[in-house]
Amino acid sequence: MGILHDDVVIINQSKNEAEPSVITINCPDKTGLGCDLCRILLFFGLTIVRGDGKWCYIVLWVIPKPIIKWDTCRWELLKNRLIGTCPSCSSAFGISYYSSELQSSMVTDVFLIKLFCYDRKGLSHDITTVLCNLELNIKKVKVSTTPVGTVMNLFFVTDTRELLHTKMRQEETYEALVDVMQAAIISCNIEKVGPEVTACSQASPFLSSAITNDVVLRTSNNVSVTMDNSFSPAHTLVQIICQDHKGLLYDIMRTLKDYNIQISYGRFYIKQGRKCEIDLFITQADGKKIIDPSMQRALSSRLQMELLRPLRVVVVSRGPDTELLVANPVELSSKHRPLVFHDITLALKMLNTCIFLAEIGRHVIGDQEWEVYRVLLDEGASLSTPRRKNEEGVWKLLMGWEQI
């Protein structure tokens with residue numbers, strides 16, 4: 001007998017903001033399931049404050065991010081998205097997870113939203129917020145400001161609902177943009193484009209150097225990763241101690257997913273002072289412990305690096321101009337941390353820093369694929385904000401450490 005559809009995901013919504021809501025997930029297991037679930041919760045603006053899971057039964061305690069209003073979290077839609085990522089009882093066994101996920105990613109249609117409008121402060125953030133609320137995934141962006149105060153916005157998106165090819169969905173998108181932009185909008189056009197427009201490209205040496213040499217403003221976030229094979233006859237125990245940040249569990253899960261590691265049991269909780277302790281019982285793809293010392297060192301080192309610097313943020317000089325660079329690591333499945341551009345534009349809006357040009361693109365740097373956000377700052381409108389403050393402000397908001 002299979003699991004009833006309504007019992008796969010159960011959400012017990014708390015009565016007030018001070019208490020976490022509890023999400024229970026009961027479904028067949030798959031490699032990378034934890035990563036996929038954490039990515040969805042991050043997209044819906046939820047922070048995991050406690051977690052417990054064994055095989056395919058997971059309990060998560062979540063709270064909205066401070067910038068998300070309590071009544072705006074779309075719980076029913078969240079439930080549907082979580083159910084959608086869980087394997088069905090009838091097809092969970094004998095299917096290659098990576099091949100099925102990569103195949104579904106390859107056939108997703110890409111659409112171009114071409115938006116011409118008058119410029120104003122916070123414009124890019126307002127547009128991005130509308131697209132995120134509509135569940136349109138931003139794959140690539142080009143924003144250009146003209147000398148006469150107008151802006152050409154090119155957003156290359158995919159639709160989570162897979163309906164953007166319909167007239168009704170396009171009208172919904174247009175009306176939502178008009179509702180926010182009011183008289184600032186001049187024209188809006190939506191058209192289907194080829195997937196090659198969002199293809200990954202080789203990064204320039206300067207771009208690579210700026211990202212890999214990211215100045216570490218954040219050395220206070222000490223990370224400890226230890227592995228032990230004596231606690232369980234069948235599993236390797238991974239114990240992680242670190243400072244909490246937004247997307248912490250996602251960063252752990254995406255790393256293990258890329259290594260094709262299976263999690264059999266896990267526990268996560270936050271102690272006083274935002275100190276996190278995570279215990280994970282894991283196996284390799286063949287179901288065996290991680291015995292090889294070199295494999296242990298490689299996985300431990302990668303986890304430490306990803307938790308110390310899950311995103312790369314740096315402000316660099318381009319002659320007389322100032323450019324903000326943010327690099328977001330991409331999973332092997334081609335998915336990535338959501339809402340990064342949303343948070344970048346929100347941070348700049350809160351810092352009263354204007355955007356002159358913006359671009360999102362996929363780049364290969366070394367053996368890693370990155371989604372790189374390049375934002376040319378409008379120095380004329382933001383001389384009161386030091387470059388260092390822009391860098392720190394964007395980083396802290398992305399990590400959820402404090403509001404600006």
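This structure is a prediction, so every number in the text was calculated from the model and none was measured.
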For [Y], is there an ion pair with [X] - N to carboxylate O distance below 4.0 angstrom?
X      : Y      : answer
Arg267 : Glu277 : no
Glu172 : Arg169 : yes
Asp343 : Lys246 : yes

Would you check if there is a donor-acceptor pair between the side chains of [Y] and [X] at a distance under 3.5 Å?
X      : Y      : answer
His235 : Ser264 : yes
Tyr265 : Asp279 : no
Thr283 : Gln262 : no

Would you compute the distance between atom [atom1] of [X] and atom [atom2] of [Y] and round it to the nearest 0.5 angstrom?
X      : Y      : atom1 : atom2 : answer
Glu323 : Phe356 : CD    : CZ    : 12.5 Å
Ile355 : Leu123 : CD1   : CG    : 8.5 Å
Thr24  : Asp7   : OG1   : CG    : 10.5 Å
Leu37  : Leu82  : CG    : CG    : 6.0 Å
Leu60  : Ile23  : CG    : CD1   : 6.5 Å
Arg274 : Asp244 : CZ    : CG    : 4.0 Å

| Could you walk me through whether Asn26 and Val8 pass the side chain to side chain contact (heavy atoms under 4.5 Å, CB included) check? | CA-CA 5 Å; Asn26 186 16; Val8 172; over 6 Å; no
Using modelled atom types and a 3.5 Å cut-off, is there a donor and acceptor pairing between side-chain atoms of [X] and backbone atoms of [Y]?
X      : Y      : value
Thr166 : Leu163 : yes
Thr236 : Ile290 : yes
Ser300 : Gln296 : no
Lys289 : Ser232 : yes
Arg362 : Ser334 : yes
Thr128 : Ser124 : yes
Thr160 : Glu135 : yes
Asn390 : Val315 : no
Ser14  : Glu19  : yes
Thr345 : His342 : yes

[X] side chain near [Y] side chain, heavy-atom distance below 4.5 Å:
X      : Y      : result
Glu331 : Asp258 : yes
Phe231 : Asp228 : yes
Leu398 : Val340 : yes
Asn153 : Lys142 : no
Leu311 : Arg337 : yes
Pro64  : Phe44  : no
Ile113 : Asn189 : no
Leu164 : Gln170 : yes

| request: Determine the sole option in Ile360, Val313, Leu325, Val394 for which the side chain to side chain contact (heavy atoms under 4.5 Å, CB included) test with Tyr373 is passed. | output: Ile360
| field | Other residues, nucleotides, ligands: >12 heavy atoms within 6.0 Å of Glu162 CD | value | no
| Is Tyr174 atom OH crowded by more than 12 heavy atoms from other residues, nucleotides or ligands, each under 6.0 Å away? | no
Which heavy atom of [X] sits nearest a heavy atom of [Y], and at what distance?
X      : Y      : value
Val130 : Ala176 : CG1-CB, 3.7 Å
Arg74  : Cys132 : NH2-O, 4.3 Å
Pro87  : Leu33  : CD-CD1, 4.3 Å
Leu248 : Cys242 : CD1-SG, 3.7 Å
Trp61  : Gly51  : CE3-N, 4.1 Å
Val330 : Trp370 : CG2-C, 3.8 Å

| message | My understanding is that only residues two or more places apart in sequence, or in another chain, count here; which of them pass ring-ring contact (aromatic ring centres under 6.0 Å, His included) with His336? | response | none
| request: With side chain to side chain contact (heavy atoms under 4.5 Å, CB included) as the test, would you mind laying out the steps for Val157 and Val110 before giving the verdict? | output: CA-CA 6 Å; Val157 303; Val110 179; over 6 Å; no
| query | When you look at Asp159 and His165, which way does the side chain to side chain donor-acceptor pair (under 3.5 Å) test go after all the steps? | reply | CA-CA 9 Å; Asp159 188 3; His165 63 281; over 6 Å; no
| Passes side chain to side chain contact (heavy atoms under 4.5 Å, CB included), Phe116 versus Thr150? Steps please. | CA-CA 7 Å; Phe116 188 51; Thr150 57; 3.7 Å; yes
| field | side chain to side chain contact (heavy atoms under 4.5 Å, CB included) evaluation trace for Lys275 with Ile241 | value | CA-CA 7 Å; Lys275 184 178 180 181; Ile241 301 174; 3.3 Å; yes
| Can Asp36 and Lys335 be said to form a salt bridge (Lys or Arg N to Asp or Glu O under 4.0 Å), step by step? | CA-CA 9 Å; Asp36 298 339; Lys335 295 184 179 180; 5.1 Å; no
